[in-house]
Amino acid sequence: MLAGCRRLRDPTALITDEVVMPATNPEIGPGLVNALRNGDEAALEQLFQSRLDSVREAAAIRLQDPVSAARVAERVFIAVWRGRASLQSVGDLEALIAESLRQAVVREEGRLAAVHRFEETEHVHLSGDRHRESPSEEVLWSHVSSAIHAPPPDAERAAHYRSEHSRHATAEHVQAIAAGPSWKRTLALGAGAIVLIAGIVWALDRASTPARVDKAFTSPDVRTMNTNSGQRGAVNLRDGGRVTLGPRSTLTIPAGYGEGLRVVRLEGSAQLSAADGGERIETRLAVAPIAVTGTSYSVSAYPTSSEYFITANDSDAEVTVNENAHALRAGDALAVDSSGAVREPSTVEVDEALGWTGGQFVVNERSLREALAAIRLAYGVEIAVADSSLLDRPVSARGPITSSSEAIAALEQSGNLKFGYEGEKMMLRDAVAPDPRSR
């Protein structure tokens, strides 16, 4: 459930909290999600009928205006229809409804704030929506249905229309000056301009989000957390979220994190959890154009790796690779290589990459060379070999992340090896080869 709710007392105030949906919502079945994803308009109408009241209620609490809340509800269901192709689960649909509601409320608040500023500046009162009744469910559905059947915009025609409209508006303005001021015309033009400006500001704000994130990460005020080989660390985020860093990892947190910005950057491995009921956290990988968004997930993305692994832990997540979104259900995993190719990894592969989040060190049918690199990363210990030919021997090992000795013992048994010391140096030998120290 989304966190944070307050009544809109000052329309000019900066809004940074979220919109709360009622706790009791009608359940959505997987069948409806599948039908909606396949473009079944009847499924959208069914969703509209079951969720309209809760969406309007949530918007009305924030906006204190039933007509504005109805306008928001229309936009929510239109947005759900337009985003239906990305739906893979009930959780995806719930998240899309919640995010569409948040965006629509912010947009409507911007419009109301613009009207409020105009009224105060010009000392007039525009007849608003607050004294009108909210449209009926039938009227709202007719608006939604009309919007989803509207033809796609023609860019050339829209540009021509804007050009003609601009010239026409200029001519009207010159004529009005020559004929003398008309307060009705001035008021109408002013109100129209306000709506247009509010829409432009909203669009620019949305378009500027990637630029804001990029700028935030280049700011000298970022916080950087590092772990070395054999280390793990816990980082508490400002909004109550938590990041557990794996060994040899770097987490970068922008200075504005938690203030409308919930994005971190990761190189290495981490387990991320949002606060209970908190917003989703976005993680951008430093090694590739990949972003992960969710409330509970783990990531392994080292610069030396040929593939990166993501698991959705207790809730669904979304992985964006080169601007292509991939839904990830709770408990599922994704592997992405350096070219952006995506596949479903095996359980063993995920255990090798992210077993440490469950307290386990795992190597499965790897060369001893790869196994020793994994031990160096996980435990921070350097082990040499008496004979370099041993490095190609296949080995497997599993042990607690807190005990390097158990992991080494598993390597010995799996690879027919013998561990010992040569001076202060840790050494592995072939178990059947004679130990030169015994001569």
Side-chain angles (χ1 to χ4, degrees), residues 2-4 14-19 83 86 91-92 95-96 98-100 102-103 106 202-227 233-246 249-303 308-328 334 336 340:
L2 296 174
L14 177 65
I15 306 301
T16 58
D17 50 359
E18 294 297 330
V19 184
S86 66
D92 289 344
L96 180 57
E99 178 61 16
S100 300
R102 185 191 69 80
Q103 292 183 6
V106 170
W202 177 79
L204 288 175
D205 180 68
R206 283 177 56 84
S208 66
T209 299
R212 282 181 58 217
V213 173
D214 292 340
K215 184 178 180 181
F217 282 126
T218 58
S219 168
D221 297 327
V222 297
R223 296 167 56 206
T224 301
M225 313 296 171
N226 296 291
T227 55
V235 181
N236 292 321
L237 300 175
R238 187 177 297 174
D239 62 350
R242 183 179 176 87
V243 180
T244 303
L245 278 179
S249 299
T250 300
L251 182 73
T252 305
I253 307 171
Y257 183 90
E259 300 171 0
L261 190 67
R262 284 175 172 81
V263 185
V264 297
R265 186 168 59 197
L266 174 69
E267 179 178 299
S269 185
Q271 183 179 38
L272 298 98
S273 302
D276 289 342
E279 290 189 49
R280 302 198 302 172
I281 303 170
E282 178 182 341
T283 299
R284 296 193 174 189
L285 304 191
V287 294
I290 300 172
V292 187
T293 308
T295 57
S296 177
Y297 57 90
S298 301
V299 180
S300 178
Y302 288 95
Y308 318 120
F309 295 86
I310 301 102
T311 63
N313 297 332
D314 300 328
S315 60
D316 296 349
E318 182 178 86
V319 183
T320 303
V321 183
N322 294 324
E323 299 184 354
N324 296 317
H326 303 269
L328 203 58
L334 203 66
V336 187

Checklist line | Shortest non-hydrogen contact from E279 toward R262 | finding: OE2-NH1, 3.1 Å
Next item on the list: With sequence neighbours excluded, tell me which residues meet salt bridge (charged side-chain N to carboxylate O under 4.0 Å, His left out) with R238.
Entry: E259
Check: Is a salt bridge present between E267 and R265, judged by a nitrogen-to-oxygen distance below 4.0 Å?
Finding: no
Margin query: Nearest 0.5 angstrom please: L251 CG to T227 OG1, how far?
Written below: 9.5 Å
Note to self: Is there a side-chain contact between L266 and V243 in this structure, where contact means two heavy atoms from C-beta onward sitting under 4.5 Å apart?
What the structure shows: no
Note to self: Is a donor from one side chain sitting under 3.5 angstrom from an acceptor on the other, for S86 and D92?
What the structure shows: no
Notebook entry, point to check: Donor-acceptor pair, Y297 side chain versus I281 backbone, under 3.5 Å?
Noted result: yes
Checklist line | Heavy-atom pair with the smallest gap, counting every atom of S315 and S296 | finding: OG-N, 3.7 Å
Next item on the list: Mind checking the CG-CZ spacing from L237 to R223? Nearest 0.5 Å is all I need.
Entry: 7.5 Å
Notebook entry, point to check: Checking S273 side chain against R242 main chain: does a donor-acceptor pair fall under 3.5 Å?
Noted result: no
Next item on the list: Provide the closest heavy-atom pair for A288 versus Y308 in the form atom of the first, atom of the second, distance.
Entry: CB-CE1, 3.8 Å
Check: Once you round to the nearest 0.5 Å, how far does CD of Q271 lie from CG of N313?
Finding: 5.5 Å
Note to self: Would you compute the distance between atom OG1 of T295 and atom CG of L272 and round it to the nearest 0.5 angstrom?
What the structure shows: 10.5 Å
Margin query: Let me confirm one number: the CD-CG distance from E282 to L261, rounded to the nearest 0.5 Å.
Written below: 8.5 Å
Next item on the list: Heavy atoms only: give me the nearest V222-P254 pair and the separation to one decimal.
Entry: CG1-CA, 4.2 Å
Notebook entry, point to check: Are the side chain of S269 and the backbone N or O of G246 linked by a donor-acceptor pair below 3.5 Å?
Noted result: no
Margin query: Exactly one of V292, L285, V336 should register a side chain to side chain contact (heavy atoms under 4.5 Å, CB included) with V321. Which one does?
Written below: V336
Notebook entry, point to check: If you round to the nearest 0.5 Å, how far is CD1 of I310 from CD1 of I290?
Noted result: 5.5 Å
Notebook entry, point to check: Shortest non-hydrogen contact from N322 to P289?
Noted result: OD1-CG, 2.9 Å
